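A, B, ... follow the sequence lines: proteins, then strands. Residue 1 opens every chain. Values in this document were obtained by computation on a predicted structure and should not be read as measured data.
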Amino acid sequence: MRILEAESVTKYFGGMAAVSDVGFHVDKGEILGVIGPNGAGKTTLFNLISGALPLSSGEIRFKGRKTSGLKAHQICRLGLARTFQLVKVFGNLSVLQNVMLGSLFGKQVVTSQADAMREAMESLEFVGLAKEINAPAKDLTLGNQKRLEVARALATKPEVLMLDELMAGLNPTEISEAIADMKRLKDQGITIIMIEHVMKVIMSVCDRIIVLHHGKKIADGTPQEVTTSSKVIEVYLGDSEIECSTAG
Amino acid sequence: MNRVALTSKKFLLPGLMIIALILLVTSPSYISAYKVMLLTSILMYIVVSVSWAIFSGPTGYISLASAAFFGVGIYTAAILGRILPLTYVIIIGGLVSVVLALIVGVITLRLKGMYFAIFTFGLVELLKHFLLWWEINITGTRGRFVISVHSETVFYVMIIIFVAVLLTAYLIKHSKYGLALQSIGEYEEAAEHIGINVTMVKIATFAISSFFIGSAGAIIATRWTYVDPYIAFNPIFSFMPVLMSIFGGLGQLFGPVLGAAFFAYLEESLITKFPYHYMLIFGIILVVAILYLPDGLIGLAKKWKKGSLSSGLVELLQKRQKGRKEV
């Protein structure tokens, strides 16, 4: 079942198309990787899906319902949560409060403070932060702040979770832990869309990958298909002639 | 902190507050009429500061519109005071402020930082000059007389508004919206993405907080008997709540209360004792406060409690002794 569909999504910043005529879909329960060189439009695409930016043209549908045109908070309540490339935790609030906010506001059902606290604890236990609940979020390490962002997004009970470079800045141990977390999320039936540069992660967890370059989608397929695609290799490594000349 | 201390604190604070309130309510029977008026002024500043802090404290949007809401309340009293009973005048004064806040909120809350502050301050000037123009060109008058009310009545009404604003501030702070306001102050974009209707929360809080400023203006106007746009829309009422709240400490509900009480009293006593130099002394105290009390009076009290002040001193002394020994 297609849980999220994008149809010829385009976004202009001034005269430049940051995302141009991109169409793709995500099936329920899969992990979709979004890769591409810097400036390819990956984060812009995320911002369009999550409602942070309005589309210039095109349409995005979540569970068959058109979401382009809705505000970010409305999209979140429908069941689409995200994290940020540069962590945006509420530094002066406690870890627990950060996550409780997700539970209190991120769902369509009204949640009492007591229920929110219980749900927040569940999310925090899931990401392994249950011991730090009273610390101000700004005191956490970067790795833990990223975990906190995931917990906060999970507290909104999303069906689709969008992770924007979750692994950036994490050490190898933290990366393996995060990979395990992602697999557990998948087991819970949560669909994941992730922007990622760490190839090890992409190859080991993604069911499917789309590749963006200069705002256009240039490939869409399984990790094997994408990594063997000549177009993708060209984008990442330059075309073969240049490769040879620099090598020689 | 242990459980006993927590529970005793739980009952101690409301108890103290009720005693303070009883003392306040009964005060006209045992203090002079002048002191009742002084208390009224202090309460007025507390109302304006706490109202300001309800919205601006957690969100960090520095609103300079307080004088506009205050002035709107004052003019409501001046216009409606003759035809309506006092209660209605005060409530309408608050409601007109709410309407104004809603309009301003819809237009400006997309603005951030300095732009929001400047726009809200512009609003005060805009209203002032609009009224001046109106009085000169349309009604041909200058200023208005306000029906005066007994000073004890003014005092009691101010106490009611004071209790109402404290209750409202407390309820908002401890509701989920209080948490949401804080998150907006930290990262508005992230707040939006976890389902908080940021625009709605901001506008609603801004409007609610303006109600009390407007009604405080409506009741205090009755004490002034004559108002004109310069008196009603005096920019000092935009800046005082900001200064008082920051001086008291923004993080806690009692910060603005303490700051406003301290400054209102200070202003009054300085005016009577040093009528020519009071602004100078006032300014110096402010500068010192901002330099040395970044978290306000409340922050200072907390530091004291934690003992970091005294332990800091001990540390300093130890360092000195060490230095001497080494020499």
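Listed options A:Gly51, A:Pro158, A:Ala52 were ranked by heavy-atom pairs under 4.5 angstrom with chain B; first place goes to A:Ala52. In terms of heavy-atom pairs under 4.5 angstrom with chain B, the leader among A:Ala81, A:Ala155, A:Gly91 is A:Gly91. Looking only at heavy-atom pairs under 4.5 Å with chain B, the residue among A:Asn92, A:Thr156, A:Val89 that has the most is A:Asn92.
At least one test fails for B:Lys173 against the ring of B:Tyr170: distance under 6.0 Å to the centre or angle within 45° of the axis. A cation-pi arrangement is present between A:Arg184 and A:Phe126, with the terminal nitrogen or guanidinium carbon under 6.0 Å from the aromatic centre and inside a 45° cone about the axis. By the 6.0 Å and 45° rule, B:Lys176 stacks over the aromatic ring of A:Phe105.
Neither the backbone nor the side chain of A:Val99 comes within less than 4.5 Å of any heavy atom of chain B. Looking at A:Gln113, the atoms closer than 4.5 Å to chain B (heavy atoms on both sides) all sit in the side chain, from C-beta outward.
Closest heavy-atom contact between A:Ile60 and A:Ser68: N-OG, 3.1 Å.
Side-chain polar atoms of A:Ser103 and A:Asp115 form no donor-acceptor pair below 3.5 angstrom.
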